[in-house]
Amino acid sequence: MTKQINLTIDGINISVEEGKTILEAARSLNIHVPTLCYHEDLCVAGNCRVCVVEQENVKNLPASCATPATEGMVIHTNSMKVRLARKHIVELLLSEHNADCTKCYKNKNCELQTLASQMLTGDHMFLDLVPDKKYTIDRFNTAIIKDDSRCIRCQRCVRTCEELQSVSALGVAYRGDKMKISTFFENPLFEVVCTNCGQCVNRCPTGALIERNYIDQVWDAIYDPTKHVVVQTAPAVRIALGEALGMAPGKIVTGKMVAALRRLGFDSVLDTDFTADLTIIEEGHELLSRLKKALVDKDPKTALPMATSCSPGWIKFIEHTFPEYLPNLSTCKSPQQMFGALTKTFYALKRKLDPKNIVSVSIMPCTAKKFEANRPEMRSSGYKDVDYVLTTRELGIMIKQVGLEFEALPEEHFDSFMGTSTGAAVIFGSTGGVMEAALRTVYEVVTGREVPFDGLNITPVRGTEGEVREATILIEKVKPEWRFLEGVELKCAVANGLAHAKTVMQNVRDGKANYHFIEIMACPGGCLGGGGQPIPTNRDIRSKRKSAIYEEDMGMPIRKSHENPEITAIYKDFLEKPLGHKSHELLHTHYTPRKRY
Amino acid sequence: MSDAKLKRVDLIFGEYSNVKYKVLADTLIRSNEEILKDLLDSGLRGRGGAGFPTGMKWKFTAETPGNEKYVVCNADEGEPGTFKDKEILTRVPRKVFSGMAICGKVIGAKKGFLYLRGEYKFLLPDLLKELDQYHEFSKQLGHDFSIEIRLGSGAYICGEESALFESMEGDRGEPRNKPPYPTTSGYLGKPTVINNVETFVNVLMIMRLGPDQYKKLGTTDSRGSKVFSVSGDTPIPGIYELELGMPLERFVDEFGDGDTKAVQVGGASGFCVPRKKFKDTVIGFEGVPTGGSMMLFNSSRSMYNVLHNYLEFFEEESCGQCTPCRVGCQQLRKGIVAVKKGDKKSVYLDQLMKLSESMKITAKCGLGQSVANSFSSIVNNFKEEMIY
C-alpha cells in the first residue's frame, strides 16, 4: 500500500496517496483551482503559474499542479495573496494576447477568456504589449491555422506533439520576450513534419491553434441552386457531436445528426460507414492476397505486415518517418476518399447527376482529413473527390448558426444509396475497430464461419489508450481454396497515438515483431479522440465516447461488413469484384515519401 | 569613518601547498563522515549567491540511494558585474578540480562536469591541460572520479541549476519544477551536487585549514571570505578577496570614488543600497548577500538608466516559459519608460511594485523571483529619478 500524506486545504483535512499534487488533492475535495498549462493528458509543465496557492510558512506560492503534497502542509487556495498574484498572472497573459475575442474562432470556448471573465479583469491593469509584437499567423496550411497573437505559451501543443505523437513539429524558439512556439526553422506548418492530426488544436486553451474552417464555403454550396450537395458523416462524429451542442459525453446522436444535416439543407445525407464497410472488403482481400503471395508464391517482395491506411495523420507520419515502409501500407483509400470517389461516379450515375454539379462534403472527427482531401491523388473521379471537410466542431457551429434546438430534433435515417452500414463500420471510430471489423470478415471469408468470439466481440484487438495491443488469431478448418492458411496464427498489432505507432514501426524495423496486420490510428483512442472532435478532451471523455461506439455496434442489425446489402449491390452493379479494375481506379491510392526536414 | 582597512584574505588564490594535489591526497584518505562533519562545522554556504549550506547539500545527496550520482561545477558565471570565477579558473583551477573530486568521494559519484560559460571558451585549453594533470594524479591516488568540461552557449538562464542540467542533457535551457531538487534528481535525473566554482575552492581550503581556523573568518551567519568583483565608479576595479560580514560603509570608503550614491550588491538580480543605508548594511547572508558582484555608482549616474538596463537584460534573458517572468519583465521595463515619458502617472509605479512582488512569489525559478530585488530597491530609493 502506498504511503498516505495528510494535509489541509482551505481548512479541510485530507489524506492523499504519496506523490499526488496539491492540485489533485484540491480537486478531490471539489475545490476548483484554475489552471491553464495543465492538461490531464500531458506531463506537468508548471509554467503558466495560474494555479499558484499559498502554503503556510513558505514565502513563495507553489504551483499546485507541479508541487507534490507533503505531510502537514497547510494550503490556502484563495487567500488575498493568491488572488492578487493570480489576477496579475492573468492580466500579464492578456497584455501579451490579442484579446479581440469577437474576431476569434474560439470565442466562448477559450480557457483564458473564461478565467478573465471570472476575475472581472475589466480595464487592463498593464500596458498592451501586442502592438509591439511582430506576431505572425500561419494560414498556409489546408488543415490547421496557427495564430501566434493568440498564443499564451503554455506549451500544451509542444507537449502534445512530442509526448502523445512523437512528431515534435512544434517546439519553443527564442527566449525572453521573443519566446514563441514555432517549427523547424520557423517554416510554415505545411512544410514541416506536422501530420495535421490536430491533437494540438484539441488541447490549445485559446485560439492560437485552430482548424481551417470551410463553413462559409459549405453554406455557399448549399445555397447554390445549381449544386447538389452530398454530405457523409464519419463513424466517430455521431458519438461526439452532442458534446459540441451542450450534451454530456458518450451520447449517441446519429438520428438527430441526420435530422440536423437535412435541416441545414444538404441534398443528400449519407454515411461514411458505408465506405468503411467497403474498405473492409477491399482491405480484407488485400490482406489475403498479400498472405497468399507470401505463403504460397513465396514472393520475397511481399510487404508484410500490412498496415491500415484509414488515418491520414498516420499516413503523413509514415511518409515522413518511415518512408521505406510505404509498400506496407494498404493501398486502400480511407473511407472518406472512397466515398468521395464513389459520390462523383457511382452515385452520380445512379442519381443521373452531372458530377461537376455535385459538391461533396464530409463531416469528420479529424483535421488531417482536410489535408487528405486536398492531396493531388484524390481526384480519381475526375473532380476533387471530397470538396470540403468539416470537423465535428464545425458541424456543431453550423447547427448553432441556424438555431436548431439539437436535442429536440427527431431521430431520422440516412438516405440511400451509400447510407446503409453495419456495426463493423461503426467501430472504425475506436482504436482496434478496423482490425476487428476486418477480422470479422476475413475469418468468415476464409473459414465460412463467424469469428469464434462471443457476440462477434473480438475484445483482444480492442485497443487501449497508452499501449500497443497485440493479439494472435488462430485460423483453422479453412475452406479448400484457402488451404494455405490452415493453422496460421494471424499476428495483429493495434496502436493509437503516433508515439505508439512509432514504437510499432521501430519494432517492425528492428525485427522484434513479426506481425501480419497492424492497425494504426494517429489519435489517442482512435478517431473518437480525433483532432476535429469537440473540446475539451481527456481520458474520461474519450472512454465515454468509446463505450458509445461499441453500444452503437451492438445495436446494429448487421455487424459484418460483407453482409451489408448495399455493399453486395455495389459490387454487382458497379465495382464487379474486390480488388478489381474499378476498385483500383477509384478506391486505391499510392503514397509519397517525404523528408524529415 | 574608520581608518582600518578591510581585512584582505588570501584563501582562494593563495599558494596552499608545494606539492600538487596534496590536500586532495590528504583528504581522500579521510572518512566521508569526517569530511562532512568538517564541512557542516565550517558553516560554509554556497558562493553562487543563494547561500544554501554546502555540507547539507552534500549530506542529502550522499544519503540519497543510487549508484549513479554526479558532481557539477557551475561555472556559467553570467550575473552582470561578476567576473570572479573567470579569475579563479584562470589562476587556481587545481583547487576547483580538487574540491569536485572530494565531493565525488563524499557523495559516491564517479563523474563530474564543469559547465563553463560559453564566453569563457578561451579558458578551455589551459583548463584541459590542468585536467590532464588532475586525471593523472587521481589515477595515482586510486580515486575513480573523472571530470569533463561542457560549454554553455551564452544563456544567462543556464546558470540556474536545473536549466543547466537541461542544457547539459542537450535540451533547451529551461528551469525545472522544484521539488525534486538536484540532491535527489539532477543531471539525467540522478542525485547531483551542483556548486559554484568558489564553493569548491572553499571546500578544499576547509579541508586544509580545518573548520576551526576557517571559522575565524567572517561572522556567525557568513563564515569565511568571499571573492568580490568590484566595478563601476571606483578608482580600483578588480577582484578582491575580503572577509564576509563587512559593513558596506567601509567597503565604500575603500573602493568608492568619494561620490558614491549607491552600490548594487549581487548584480542585476541583487539589491541596490543607497548612500543613506551604507552605514547599516552588512555584506553577508545576515544582511545583503552577494554572489560577488559589487557595482558602485556615483552621482553622475541615472538610476533610471541603471534599472532600465537591468530590466532590459532580464527581458531578454528570461527563458520565457513562465508567465510572471516572461511578461512581467516586459511590463516592468515598459512601465518605467511609460512613467518617465509621462504616458502613465507616477502612481503606476505602485502598481508595478505590486507586480514585482507577485513575480517574486510566483515565478518558477530564481531569475523571475529576483527581478523584484533590484526593481523594488531602486524604485523605492530613487523614486524621483524614475519620475523626473
Side-chain angles (χ1 to χ4, degrees), chain A residues 21 36-37 43-55 58-63 65-68 70 81-97 124-129 131-133 152-155 158 162 171-181, chain B residues 153-158 162-163 171-180 311-339 343-344 348 351-352 354-370 372:
Chain A
T21 61
L36 276 177
C37 70
C43 80
V44 168
N47 58 24
C48 77
R49 315 308 281 180
V50 164
C51 71
V52 289
V53 293
E54 187 171 354
Q55 182 182 355
V58 171
K59 259 194 307 191
N60 293 347
L61 306 182
C65 71
T67 310
T70 51
K81 220 170 161 182
V82 168
R83 294 174 66 86
L84 179 65
R86 229 179 248 161
K87 183 150 185 178
H88 274 149
I89 288 163
V90 173
E91 288 277 2
L92 288 176
L93 286 171
L94 288 171
S95 76
E96 241 190 352
H97 178 82
H124 290 170
M125 252 181 199
F126 303 119
L127 300 167
D128 183 7
L129 301 174
D132 295 338
K133 303 260 178 191
I152 58 166
R153 285 94 164 154
C154 66
Q155 300 189 36
V158 176
E162 185 185 329
V172 179
Y174 305 102
R175 55 174 195 256
D177 54 329
K178 293 178 188 65
M179 182 268 209
K180 63 190 272 194
I181 309 305
Chain B
S153 300
Y156 172 71
I157 189 59
C158 290
S162 60
D171 287 328
R172 194 181 146 83
E174 285 187 346
R176 299 172 178 168
N177 289 305
K178 283 175 239 171
L311 292 173
E312 211 168 32
F313 173 79
F314 287 127
E315 194 179 0
E316 280 176 22
E317 292 297 338
S318 162
C319 78
Q321 67 167 323
C322 86
T323 314
C325 181
R326 181 188 68 247
V327 199
C329 292
Q330 298 171 56
Q331 287 293 355
L332 293 182
R333 187 188 65 78
K334 293 201 166 160
I336 64 165
V337 173
V339 170
D343 294 343
K344 284 273 184 191
Y348 188 60
Q351 187 98 294
L352 295 178
K354 283 186 195 156
L355 171 62
S356 77
E357 267 316 298
S358 286
M359 288 166 67
K360 189 176 202 148
I361 56 175
T362 62
K364 187 166 177 176
C365 82
L367 195 163
Q369 290 164 8
S370 59

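Remember, it's a predicted structure, so these values are computed and weren't measured experimentally. Order of the sequence lines fixes the chain letters, A, B, ..., with proteins taken first and strands second; residue numbering starts at 1 for each chain.
Of the two parts of Glu174(B), only the side chain, counted from C-beta on, holds a non-hydrogen atom closer than 4.5 Å to a non-hydrogen atom of chain A. In this structure, no portion of Leu36(A) lies under 4.5 Å from any heavy atom of chain B. Heavy atoms of Ala155(B) lying under 4.5 Å from chain A belong to its backbone as well as its side chain. Using a 4.5 Å cut-off between heavy atoms, Cys319(B) touches chain A through its backbone atoms (N, CA, C, O) alone. Interface remark: Phe314(B) contributes no atoms to any contact with chain A (heavy atom separation under 4.5 Å). At a 4.5 Å heavy-atom cutoff, the contact between Lys354(B) and chain A is made by backbone and side-chain atoms alike.
For the pair Arg86(A)/Thr362(B), no side-chain contact is recorded, criterion being any heavy-atom separation below 4.5 Å from C-beta on.
With chain A as partner, the option from Glu357(B), Arg176(B), Lys178(B), Glu317(B) having the largest number of non-hydrogen pairs under 4.5 angstrom is Glu317(B). Chosen from Ser95(A), Gly171(A), Ala63(A), the residue pairing most often with chain B at heavy-atom distances under 4.5 Å is Ser95(A). Note: Val172(A) leads Thr67(A), Thr70(A), Val172(A), Ile89(A) in heavy-atom pairs under 4.5 Å with chain B. The candidate with the highest count of non-hydrogen atom pairs below 4.5 Å against chain A, out of Glu316(B), Lys364(B), Met359(B), is Lys364(B). Put simply, of Leu93(A), Val52(A), Val58(A), the one with the most heavy-atom pairs under 4.5 Å next to chain B is Leu93(A).
The salt bridge (Lys or Arg N to Asp or Glu O under 4.0 Å) check on Asp171(B) picks up nothing, with sequence neighbours excluded. Under the salt bridge (Lys or Arg N to Asp or Glu O under 4.0 Å) criterion, Glu96(A) pairs with Lys133(A), Arg153(A), Arg326(B), not counting sequence neighbours.
In this structure, Gln330(B) CD and Asp177(A) CG are separated by 4.5 Å, a value rounded to the nearest 0.5 Å. The line from CZ of Arg175(A) to CD1 of Ile157(B) is 9.0 Å long, rounded to the nearest 0.5 Å. In this structure, the separation between OG on Ser358(B) and NZ on Lys87(A) is 12.0 Å, given to the nearest 0.5 Å. In this structure, CD1 in Ile361(B) is found 4.0 Å from CG in Leu61(A), a value given to the nearest 0.5 Å.
In terms of modelled atom types and a separation under 3.5 Å, the side chain of Glu315(B) and the main chain of Gly176(A) share no donor-acceptor contact.
Residue Glu162(A) qualifies as open at atom CD: its count of foreign heavy atoms under 6.0 Å is 12 or below.
In this structure, Ala45(A) and Asn177(B) approach most closely via the heavy-atom pair O-ND2, 3.1 Å. The shortest heavy-atom contact between Tyr348(B) and Met125(A) is CE1-O, 3.6 Å. The shortest non-hydrogen separation linking Val327(B) to Leu92(A) is CG1-O, 3.3 Å. Minimum heavy-atom separation, Pro324(B) to Arg49(A): CD-CG, 3.4 Å.
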For the pair His88(A) and Thr323(B), evaluate side-chain contact (heavy atoms from CB on, under 4.5 Å) and give the outcome as yes or no after the intermediate values.
CA-CA 10 Å; His88(A) 274 149; Thr323(B) 314; over 6 Å; no

Please test Lys334(B) against Asp132(A) for side-chain contact (heavy atoms from CB on, under 4.5 Å), starting from the C-alpha separation and ending with a verdict.
CA-CA 11 Å; Lys334(B) 293 201 166 160; Asp132(A) 295 338; 2.9 Å; yes

